[in-house]
Asks: 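This is the structure I have questions about; it appears just below.
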Amino acid sequence: MTQDTTSPLSINELQAMKHRGEKISCLTAYDASFSALINKVGIDVILVGDSLGMVIQGHSTTLPVSISDMIYHARCVSQPNQRAFVIADLPFMSYCTPIIAAENAAKLIQQGGAQMIKLEGARVETVRFLVEQGIPVCGHLGLLPQLINQLGCYHVQGKTPEDADRILSEAQQLQDAGATLLVLECVPAPLAKAISSQLNIPVIGIGAGVHCDGQVLVLYDMLNISITKRPRFSKNFMQDATSIEAAISAYHQAVKQALFPSIKHSF
Ligand code: KIV
């Protein structure tokens with residue numbers, strides 16, 4: 001279905017979608033052509049993720065991605081008159097103090113055209129500082145890919161009661177610090193459900209079950225063109241599609257109708 005691409009979504013509209021129970025669709029993108037296609041289909045949010053380090057640059061982790069890389073790709077994605085809300089990631093070590101975070105977030109917004117920045121972990125004081133400077137923030141909890149060298153592997157988080165309680169409490173702290181969106185990656189579906197119902201802000205899941213307020217996938221995974229193995233929580237939407245546009249549209253519809261993720265794509 002082709003949507004009106006001329007009225008940009010705001011964070012208020014994403015918030016309203018949560019409150020009326022409308023699922024939020026989100027995909028990553030890194031360039032202008034995919035951004036245009038995603039907008040044409042009517043996806044609500046584009047995430048310029050640091051996953052570009054893996055799917056665009058060919059690295060085995062997101063760690064080599066620089067702030068200049070992120071600005072470049074955010075600028076490619078952010079176009080005039082588009083409908084989708086654009087979030088850009090602060091990459092590894094670009095938010096190690098609140099001041100450094102603010103300087104880099106400002107670049108993503110002023111030079112990259114992003115409407116919001118995302119950072120990983122319970123960086124509560126950094127989030128509070130960014131919000132005080134007028135920078136909209138999306139938190140990211142659960143599996144934190146920028147911690148891969150501490151974690152050892154990409155595995156599901158929040159499986160023990162202690163870990164689940166910690167993630168729930170961190171989510172609340174991020175909201176209290178002023179974050180207005182939260183990405184939850186690779187956590188058990190019941191935990192994601194509890195967090196989504198406890199928080200007032202929209203919670204976007206990836207590998208976090210169907211009860212989140214919205215879903216995000218890495219574009220290249222759902223198109224089955226990633227050079228790495230597709231994660232279990234993702235789905236090949238190209239399998240039954242006749243075109244890339246049709247695959248993105250099938251994903252959008254599946255998210256809106258809460259048909260994706262199914263049990264087999266959840267933990
Ligand atoms: O970098 C990214 O694409 C992300 C998603 C996996 C949520 O952070």
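Both counts, for ligands and for their atoms, begin at 1 and track the order of listing.
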Asks: For the CD atom on Q110, are there more than 12 heavy atoms of other groups (residues, nucleotides or ligands in this structure) within a distance under 6.0 Å?
Replies: no

Asks: For each nitrogen or oxygen atom of ligand 1, which protein N/O atoms lie closer than 3.5 Å, and how far apart are they, rounded to 0.1 Å?
Replies:
from, atom 1, to, atom 2, distance (Å)
ligand 1, 1 (O), D50, N, 3.1
ligand 1, 1 (O), D50, OD1, 3.0
ligand 1, 1 (O), S51, N, 2.9
ligand 1, 1 (O), S51, OG, 3.4
ligand 1, 1 (O), D89, OD2, 3.2
ligand 1, 3 (O), S51, OG, 2.5
ligand 1, 8 (O), K118, NZ, 2.8

Asks: Would you check if the side chain of K193 reaches a backbone N or O of P188 as a donor-acceptor pair within less than 3.5 Å?
Replies: no

Asks: Is a side-chain donor or acceptor of N104 paired with a backbone partner of S94 at a separation under 3.5 angstrom?
Replies: yes

Asks: Let's go through Q173 and S169 carefully: what are the C-alpha distance in whole Å and the side-chain angles of both, what is the deciding distance for side-chain hydrogen bond (donor to acceptor under 3.5 Å, both in side chains) to 0.1 Å, and is it a yes or a no?
Replies: CA-CA 6 Å; Q173 289 174 55; S169 152; 3.0 Å; yes

Asks: Give me the other members of the hydrophobic cluster that Y72 sits in, counting Ile, Leu, Val, Met, Phe, Trp and Tyr linked by side-chain heavy atoms under 4.5 Å, directly or via other members.
Replies: none

Asks: Checking Y154 against E185: is there a side-chain donor and acceptor pair closer than 3.5 Å?
Replies: no

